[in-house]
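The chain is numbered in sequence order, starting from 1. In each ligand, atom 1 is the first atom listed, and ligand 1 is the first ligand listed.
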Amino acid sequence: MNQNEDFFPSPSRPRLLVVDDQATNIQVLYQILSNDYQVLMATNGAQALALCASKQPDMVLLDLVMPDMDGYQVCQRLKADAITRDIPVIFITAQTDESAEEKGFDLGAVDFISKPINPRIVRARVKTHLTLKAQSDLLRSWAYLDGLTGVHNRRFFDERIHAEMGRAIRNQTALSVVMMDVDFFKRFNDHYGHQAGDDCLRKVAKTLKASLMRASDHIARYGGEEFVCLLPDTGFAGAMQLAETIRKDIASLQIEHSQSSVAPFVTVSLGVGCKPEKVHGNANQLINLADTQLYKAKEHGRHRIFGAELSHDA
Ligand code: GH3
Ligand code: MG
């Protein structure tokens, strides 16, 4: 199989978020776009920001004038957050004056569409900006991918965990990290050869990817035979459960490892660190915690999981 198939799976239908306080306006755009795209909807700014963070739409069509938080404010907040700043924003507006447009572009919008809506213009502009987005996503993803396994690399993880920690503290949500390391991998390499070692790492990465359940979960290769999962909005119990799923899934690959002292097949040890909802903390503390737990798992015999929660303010 071509290795690149795993790197770039065929994309699903692009996902758009339409934000408008008037349900009838949303309906009009839905009818124009839903044949070609998945269309998410929000009727206020707060809802839009939450959906952008959790569903990562490929584009936002944003009404300018809304009560509470207007379109400018929503755009500003999207662009200020590392997790949402790359989502292109198109303003939909009945205002025709240039200063409104200028302000929108200054805030990072990619385009304006004026009301009343012209379906052909909307379709054309959406298509153009989605194409540009797909191209820049692809370029960005190359810089953040691990060459051997196709999962994210450490650079991605280091950037992402800081952004996710900021978000978790702001929203008082939990954030967990699972560190995973292959047991006796040096012996595996020495016995079966480096090529077989590489194959093993690819299988482990693929299985890890399949074990993660949420779109917002991320895995990265942290170093040689060490991988890390970043789990937003996941508390201690959930993270421990996922670690156990991973432990079992890797074992059930039944990759022969005659030199291991734990089992006749490849096993992994895992360390779980969790920042609970109401606790502050910083990214380095959380990584260190997961790392310490992984070390304990190794010390206590390998092929097992240790976990702990951050319990004090940073
Ligand atoms: P432990 O159970 O304590 O983790 O023991 P270990 O042997 O897995 O750990 P150690 O850190 O001693 O050895 C890790 C080995 O992983 C050493 C190195 O040769 C191998 N390794 C690291 N990166 C790669 C890689 O990209 N490909 C291959 N084939 N091997 C790698
Ligand atoms: Mg190891």
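Classification of the F112-F91 ring pair by plane angle, with boundaries at 30° and 60°, yields tilted.
The shortest distance between side-chain heavy atoms of Y295 and F306 does not fall below 4.5 Å. Contact of the V89 side chain with the K79 side chain is registered, since non-hydrogen atoms from C-beta on lie closer than 4.5 Å.
Using a 4.0 Å cut-off between charged side-chain N and carboxylate O, D183 and K298 make a salt bridge. Classification of K248 and E244 as a salt-bridged pair holds, one side-chain N sitting under 4.0 Å from a carboxylate O. Using a cut-off of 4.0 Å between Lys/Arg side-chain N and Asp/Glu carboxylate O, D81 and R77 are scored as not salt-bridged. Ionic pairing of D190 and R187 is not present here: no N-O contact between side-chain nitrogen and carboxylate oxygen is shorter than 4.0 angstrom. A salt bridge does not link K203 to D199: none of the charged nitrogens lies less than 4.0 Å from a carboxylate oxygen.
When Y144, F156, F227 are each tested for a ring-ring contact (aromatic ring centres under 6.0 Å, His included) with H218, only one passes: F156.
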Close N/O pairs between ligand 1 and protein, under 3.5 Å:
residue, atom, partner, partner atom, Å
ligand 1, 2 (O), F184, N, 2.8
ligand 1, 2 (O), K298, NZ, 3.1
ligand 1, 2 (O), R302, NE, 2.7
ligand 1, 3 (O), R302, NH2, 3.0
ligand 1, 4 (O), D181, OD1, 2.8
ligand 1, 4 (O), V182, O, 3.4
ligand 1, 4 (O), K298, NZ, 2.8
ligand 1, 7 (O), F185, N, 3.1
ligand 1, 7 (O), K186, N, 2.8
ligand 1, 8 (O), V182, O, 3.0
ligand 1, 8 (O), F184, N, 3.4
ligand 1, 8 (O), F185, N, 2.7
ligand 1, 8 (O), E225, OE1, 2.9
ligand 1, 26 (O), R221, NH2, 2.7
ligand 1, 27 (N), D198, OD1, 2.7
ligand 1, 29 (N), N189, OD1, 2.9
ligand 1, 29 (N), H194, O, 3.1
ligand 1, 29 (N), D198, N, 3.4
ligand 1, 29 (N), D198, OD1, 3.0
ligand 1, 30 (N), N189, ND2, 2.8

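Of all protein atoms, those that are N, O or S and lie under 2.8 Å from the Mg ion (ligand 2) total 3.
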